[in-house]
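One structure is given below, encoded as structure tokens.
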Amino acid sequence: MTAFLSIRDLSIRFGGLQALDRFSMDVERGAIHALIGPNGAGKSTVFNCISGFCSRFDGEILFDGAPLEARPHRLVHAGLARTFQHVDLLRQLTVLENVLVGMTSRVRRYCAFTPGFGRAAAERDAIAQADEVLERTGLARYRNLLAGELDFGHQKLVDLARAVAARPRLLLLDEPAAGLRNREISEVVELLGDLARGQGMTIVLVEHVMQLVMSVADRITVLSFGQKIAEGEPHEVRSNPSVIEAYLGREHHA
Ligand code: ADP
Ligand code: MG
């Protein structure tokens with residue numbers, strides 16, 4: 001079976017720094033695939049290359065069998081949505097409005113292609129769907145607050161809700177559990193499982209919270225200094241000596 005997302009020999013330099021060095025990774029359709037590694041390993045850079053935020057890289061990225069030419073403002077159109085390690089919300093808009101922003105291109109498509117489906121109906125429909133996503137991410141009671149008023153963890157949840165509401169085929173999540181409490185992490189675990197298992201969404205998950213990674217990931221790829229050092233199922237990766245070494249080694253230096 002060909003991979004849904006295939007990253008082949010991806011390399012990128014920033015000045016003297018080789019941030020990614022012939023990095024390859026195959027993500028199966030409908031899988032939750034975690035990408036882990038110490039700080040500075042290159043995880044967010046992988047996301048930036050996939051989603052068009054870094055354009056000058058060597059190597060190839062295939063999405064559903066075709067070269068991916070995602071541009072940041074055309075992500076949803078390409079069937080992709082991502083979240084950011086450092087959240088990037090519209091702080092002066094409400095939580096609901098931020099989620100609706102992720103859906104605008106879908107609303108426009110409804111209006112264009114569904115006869116008799118006017119703008120008002122499309123908006124009502126979008127709001128109903130946004131509310132459903134807010135419910136599932138535990139954000140319903142923050143619906144009408146300004147996004148900028150929430151703490152970091154809840155802003156990360158809004159970013160997640162925005163990405164999920166776009167109903168991408170491929171969802172890229174950069175540290176969604178940062179700043180969340182245990183109960184909220186469990187809710188995220190449940191949501192991701194449901195998106196992948198229930199709706200067939202493919203998810204690539206960058207995450208430091210191992211409780212989350214180990215409980216949802218089908219497969220884990222480990223990056224260190226821009227290179228892949230391990231890959232496998234959670235139980236294989238957890239006991240891999242080079243993985244343990246990569247994490248402990250870094251802490252030692254720090
Ligand atoms: P991770 O997400 O695994 O913590 P990153 O992908 O953010 O790591 O960064 C990998 C390395 O590349 C780091 O050393 C970081 O400082 C560097 N880096 C990332 N993006 C840029 C950039 N746009 N310009 C220069 N250096 C960058
Ligand atoms: Mg990062």
Side-chain angles (χ1 to χ4, degrees), residues 5-27 32-61 68-73 75 80-89 152-153 155-160 162-163 168 170-180 185 188 192 203-214 216-217 219-232 234 237-238 240 242-254:
L5 174 70
S6 183
I7 298 171
R8 298 183 186 166
D9 291 324
L10 183 62
S11 296
I12 187 165
R13 289 183 81 82
F14 297 116
L17 176 84
Q18 188 76 45
L20 291 172
D21 186 8
R22 298 183 72 99
F23 172 71
S24 298
M25 167 175 164
D26 278 343
V27 178
I32 300 181
H33 195 131
L35 177 60
I36 67 170
N39 274 328
K43 306 178 299 295
S44 295
T45 301
V46 172
F47 277 10
N48 287 339
C49 292
I50 298 172
S51 55
F53 286 80
C54 286
S55 47
R56 296 168 65 183
F57 53 77
D58 290 324
E60 201 178 27
I61 302 174
L68 179 62
E69 286 176 17
R71 291 289 161 263
H73 61 287
L75 281 190
L80 257 85
R82 68 168 293 184
T83 68
F84 292 85
Q85 181 175 353
H86 307 286
V87 272
D88 187 19
L89 297 175
F152 180 71
Q155 290 194 22
K156 294 236 37 156
L157 280 177
V158 176
D159 198 23
L160 173 64
R162 179 190 54 71
L170 176 65
L171 178 62
L172 309 174
L173 301 178
D174 202 344
E175 303 194 18
L180 298 188
I185 291 174
V188 171
L192 299 188
I203 300 174
V204 184
L205 172 68
V206 165
E207 187 52 70
H208 280 296
V209 177
M210 285 303 131
Q211 172 200 348
L212 177 60
V213 172
M214 292 298 163
V216 297
R219 203 168 172 77
I220 301 179
T221 297
V222 190
L223 252 183
S224 179
F225 293 111
Q227 294 186 330
K228 178 155 80 177
I229 59 164
E231 191 166 63
V237 163
R238 195 186 324 198
N240 182 313
S242 9
V243 175
I244 297 165
E245 160 85 40
Y247 276 90
L248 295 181
R250 287 288 175 100
E251 266 161 33
H252 225 68
H253 290 303

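Numbers here simply count residues along the sequence, with the first being 1. Just so you know, ligand 1 is whichever comes first in the structure, and atom 1 is the first atom listed for that ligand.
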Where do Ser51 and Arg82 land on the side chain to side chain donor-acceptor pair (under 3.5 Å) test, with the steps shown first?
-> CA-CA 8 Å; Ser51 55; Arg82 68 168 293 184; 3.0 Å; yes
In sequence, state the C-alpha distance, the side-chain angles, and the governing distance for Phe57 and Leu20, and then conclude on side-chain contact (heavy atoms from CB on, under 4.5 Å).
-> CA-CA 9 Å; Phe57 53 77; Leu20 291 172; over 6 Å; no
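The side-chain heavy atoms of Leu80 and Ile50, taken from C-beta on, include a pair separated by under 4.5 Å. A 4.5 Å side-chain heavy-atom check between Val204 and Met25 finds at least one atom pair inside the cut-off.
Protein N, O or S atom count below 2.8 Å of the Mg ion (ligand 2): the structure gives 2.
Only the side chain of Leu17 comes within contact range of ligand 1, with a heavy atom under 4.0 Å; no backbone atom does. Using a 4.0 Å cut-off between heavy atoms, Ser44 contacts ligand 1 through both its backbone and its side chain.
Residues passing the side-chain hydrogen bond (donor to acceptor under 3.5 Å, both in side chains) test with Thr221 are His33, Glu231, sequence neighbours excluded. Checked against salt bridge (Lys or Arg N to Asp or Glu O under 4.0 Å), Asp159 has the following partners two or more places apart in sequence or in another chain: Arg162. Scored by the ring pair (Phe, Tyr, Trp, His ring centres under 6.0 Å) test, Phe84 finds Phe53 as partners (sequence neighbours excluded).
His208 NE2: more than 12 foreign heavy atoms inside a 6.0 Å radius.
Of all protein heavy atoms, the one closest to atom 5 (P) of ligand 1 is Thr45 OG1, 3.6 Å.
Between Ala41 and ligand 1, a contact under 3.5 Å exists for at least one N or O pair.
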